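Note that the structure is predicted; figures quoted are calculated from it, not measured.
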Amino acid sequence: MAKTAIITGGSRGIGRALSLKLGELGYNVVINYRSDSSKAKSHELAAEIEKEYHVETLVVKADVSKYEECEKLVAAAVERFGDQIDALVNNAGITNNCNWVDIKREAYEQVIATNLMSFLHMSHLVLPYMVNHSDKEHQCIICNTSSVGGMTGVINQADYCAAKAGVIGLTRALALELAPKGIRVNALAPGMIMTDMLRGVNQDELKALAATIPQGYIGDVSDIAGAMEYIFTAPYLTGQVISPNGGFVLQ
């Protein structure tokens, strides 16, 4: 029976690279997106995954910051692929980049809802479909995208860092709780990665940013996908935070 994975925020940037990696690893991929602007990219990505890796895909629009939208996402996955969900990649995320004096309550509440609460919602809803068929021979996997911001803090991103630190705590607690059931839970904590957020930065600023990284360059989304592949293929790994960051943070 084919394996099935759900990924939230799976259509762009790091999420896109992770979706492709799931297909490469042989999973049917349920790609979640939120905004109408991501619809076309999501369907193009789904077609690429199916053509390249000969698996099936499903594209589902849902605002995973809301529990009822998460319910719809999981229900759509189960309707299409059956009640065996083998992997969940919690990747949805937004940021404000605003100082704490000026930030509006609605703005930081949305960051917390998207970057942390959605991980709680999705884990809560998917676990019943994992528990009944996972064991040491057939491990199910939860992979949560955190950030170096959750490890070190970042100026003008207090809400984002709080959420990402919460993701690390969630990862470790669930790993302890679920290990006896054959479910592994780990986190990715990317450092500075070349995504749409950085492509608008001028070359001088990019060079200055790269100079703060011991390896001397800004990472690529493929670096994060490679780290996720390790998480998926290392059966003795759980409760860990894997941080591809070029040496920017040394644990």
Side-chain angles (χ1 to χ4, degrees), residues 1 3-10 14-15 18 21-22 25 27 29-30 32 62 64-75 77-78 81-93 111-151 159-190 224 227-244 251:
M1 186 176 183
K3 299 176 292 184
T4 298
I6 299 174
I7 177 168
T8 66
I14 290 173
L18 299 183
K21 181 58 69 174
L22 288 169
L25 292 171
Y27 287 83
V29 188
V30 181
N32 158 250
V64 291
S65 69
K66 301 172 182 176
Y67 190 83
E68 60 274 15
E69 292 278 300
C70 293
E71 287 182 306
K72 293 177 184 177
L73 170 57
V74 175
V78 170
F81 295 116
D83 62 359
Q84 179 174 314
I85 298 174
D86 303 276
L88 169 65
V89 180
N90 284 311
N91 179 69
V111 166
I112 298 298
T114 302
N115 293 36
L116 178 58
M117 293 307 298
S118 72
F119 291 44
L120 292 163
H121 297 334
M122 289 299 298
S123 299
H124 181 244
L125 289 165
V126 165
L127 277 172
Y129 297 101
M130 291 183 168
V131 168
N132 290 334
H133 70 272
S134 61
D135 52 42
K136 289 182 180 179
E137 300 301 319
H138 181 92
Q139 295 180 336
C140 291
I141 300 164
I142 297 176
C143 180
N144 295 321
T145 302
S146 180
S147 166
V148 293
M151 302 160 67
D159 49 358
Y160 178 84
C161 293
K164 292 304 187 181
V167 168
I168 292 173
L170 171 67
T171 297
R172 289 172 172 162
L174 284 182
L176 291 171
E177 181 177 337
L178 298 173
K181 301 180 186 300
I183 301 171
R184 297 191 293 110
V185 189
N186 292 286
L188 292 164
I224 312 307
M228 189 189 76
E229 181 175 11
Y230 170 60
I231 285 173
F232 268 63
T233 57
Y236 200 48
L237 186 77
T238 196
Q240 303 305 305
V241 180
I242 308 299
S243 183
Q251 291 179 299

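- Considering CD1 of Ile183 and NE2 of His138, their distance stands at 10.0 Å, rounded to 0.5 Å.
- For the pair Gln240/Ile231, no side-chain contact is recorded, criterion being any heavy-atom separation below 4.5 Å from C-beta on.
- Taking the side chain as every heavy atom from C-beta outward, Leu178 and Leu127 approach each other to under 4.5 Å.
- Proximity of Glu177 to Val185: side-chain heavy atoms (C-beta onward) are nowhere separated by under 4.5 Å.
- Partners of Tyr230 by side chain to side chain contact (heavy atoms under 4.5 Å, CB included), not counting sequence neighbours, listed by chain and number: Ala234, Leu237, Ile242.
- Test Val89, Asn32, Leu73, Asn90 against Ile6 for side chain to side chain contact (heavy atoms under 4.5 Å, CB included) and you get one pass: Leu73.
- For Val64 against His121, the heavy-atom pair with the smallest separation is O-CD2, 3.7 Å.
- Within the 4.5 Å cutoff, side-chain heavy atoms of Leu125 are placed close to those of Tyr67.
- With Asp86 as reference, Tyr27 is the one residue of Tyr27, Tyr129, Phe81 to meet the side chain to side chain contact (heavy atoms under 4.5 Å, CB included) rule.
- At a threshold of 4.5 Å between non-hydrogen side-chain atoms, the residues Thr145 and Leu18 count as touching.
- Rounding to the nearest 0.5 Å places SG of Cys140 at 10.5 Å from NZ of Lys3.
- Note that OG1 of Thr4 and CG of Asp83 are 10.0 Å apart. Values are rounded to the nearest 0.5 Å.
- Closest approach of Phe119 to Leu170, counting heavy atoms only: CB-CD2, 3.9 Å.
- The shortest side-chain heavy-atom distance between Ile14 and Pro190 falls under the 4.5 Å cut-off.
- For Cys161, the side chain to side chain contact (heavy atoms under 4.5 Å, CB included) partners at least two apart in sequence or on another chain are Val154, Gln157.
- Nearest approach of Ile168 to Ser146, heavy atoms of both residues: CG1-OG, 3.5 Å.
- Between the Arg184 side chain and the Cys143 main chain, no donor and acceptor come within less than 3.5 Å of each other.
- Listed here is the closest heavy atom pair of Ser243 and Met151: OG-SD, 4.0 Å.
- Put simply, CD1 on Ile7 and CE on Met122 are 10.5 Å apart, with the number rounded to the nearest 0.5 Å.
- Distance alone, capped at 3.5 Å, places no donor-acceptor pair between the Lys181 side chain and the Asn132 backbone.
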Going through the distances and angles, do Lys164 and Val148 end up as a side chain to side chain contact (heavy atoms under 4.5 Å, CB included)? CA-CA 8 Å; Lys164 292 304 187 181; Val148 293; over 6 Å; no
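- Among all heavy-atom pairs drawn from Val167 and Asn144, the shortest one is CG1-CB, 3.6 Å.
- Taken to the nearest 0.5 Å, the CD atom of Gln139 stands 8.5 Å off from the OG1 atom of Thr238.
- To the nearest 0.5 Å, atom CG of residue Asn115 and atom CG of residue Asn91 are 10.0 Å apart.
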Full working for side chain to side chain contact (heavy atoms under 4.5 Å, CB included) between Leu174 and Ser123: CA-CA 9 Å; Leu174 284 182; Ser123 299; 4.1 Å; yes
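- Side-chain contact between Leu88 and Met130 is present, with at least one heavy-atom pair separated by less than 4.5 Å.
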